[in-house]
Amino acid sequence: LSIYLSIYLSVLKYLLDPKISKLISTELDKESIIVFDEAHNIDNICTEALSVHINNTILESCQRNVIALSNKIRRMKETDASRLNDEYKRLLQGLTQVIHLKYIIFFLIFF
């Protein structure tokens, strides 16, 4: 009877971080047994892996992006409103012309 064993060495953080673990888990066999050395650090590593660190630079960048997006939405609304208004005016002009043509044809036929 022969037993084969593959051993993968990895930093604990890489196995627990969802962004990285997907890449590593594809290399592991389904029957793999993972032994965590330094398991008393799992809580801290999980907390760190799922935490987001935000500083003033990131917040300021987010604020600039929100302002830029808001301005773009406002400009799009103004442009759309202007285009809609222009189309409405053209439609009214077209209807007015059709009505005038009907009156002209009516008078030509009956008078």
Side-chain angles (χ1 to χ4, degrees):
L1 178 69
S2 295
I3 298 176
Y4 294 94
L5 176 66
S6 295
I7 299 175
Y8 296 93
L9 296 176
S10 176
V11 177
L12 185 61
K13 178 180 178 181
Y14 294 159
L15 292 173
L16 298 176
D17 188 329
K19 296 171 285 226
I20 301 170
S21 66
K22 289 179 184 176
L23 300 171
I24 294 174
S25 63
T26 58
E27 297 178 16
L28 299 174
D29 297 329
K30 289 184 179 182
E31 294 86 22
S32 294
I33 297 172
I34 300 173
V35 177
F36 290 107
D37 186 22
E38 300 285 327
H40 62 277
N41 291 325
I42 287 178
D43 289 348
N44 293 337
I45 292 171
C46 289
T47 301
E48 183 181 330
L50 298 174
S51 295
V52 177
H53 301 284
I54 298 176
N55 57 30
N56 281 341
T57 304
I58 293 172
L59 288 175
E60 289 168 357
S61 176
C62 290
Q63 183 179 20
R64 283 191 303 273
N65 288 336
V66 168
I67 290 169
L69 182 60
S70 176
N71 289 336
K72 185 166 187 153
I73 290 171
R74 181 185 45 76
R75 284 191 305 272
M76 288 175 71
K77 284 181 179 179
E78 289 170 356
T79 301
D80 288 347
S82 175
R83 288 168 55 194
L84 184 61
N85 193 25
D86 291 344
E87 184 65 28
Y88 175 72
K89 287 177 183 177
R90 283 192 298 275
L91 180 63
L92 284 179
Q93 287 174 351
L95 288 174
T96 304
Q97 290 173 356
V98 167
I99 291 171
H100 286 276
L101 283 175
K102 284 185 178 183
Y103 282 125
I104 292 171
I105 293 170
F106 177 79
F107 283 113
L108 289 175
I109 293 174
F110 294 106
F111 293 104

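The figures here come from the full heavy-atom set of this structure, side chains too, leaving out hydrogens, waters and symmetry mates.
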Suppose clustering is done on Ile, Leu, Val, Met, Phe, Trp and Tyr with side-chain heavy atoms closer than 4.5 Å. Which residues sit in the same group as L91?
L95

With side-chain hydrogen bond (donor to acceptor under 3.5 Å, both in side chains) as the rule and sequence neighbours excluded, what pairs involving residues 60-76 come up?
R74-E78

What side-chain hydrogen bond (donor to acceptor under 3.5 Å, both in side chains) pairs are there with at least one residue in residues 84-97, not counting sequence neighbours?
E87-R90

Remaining members of I58's ILVMFWY cluster at a side-chain heavy-atom cut-off under 4.5 Å?
V52, I54, L59

In Å, rounded to the nearest 0.5 Å, how long is the span from CG of N44 to CD of E48?
8.5 Å

Could I get the full list of salt bridge (Lys or Arg N to Asp or Glu O under 4.0 Å) partners for D43, not counting sequence neighbours?
none

Using 0.5 Å steps for rounding, measure from the CG atom of L92 to the CD1 atom of I99.
9.5 Å

Under 4.5 Å side-chain linkage, directly or through intermediates, the cluster mates of M76
none

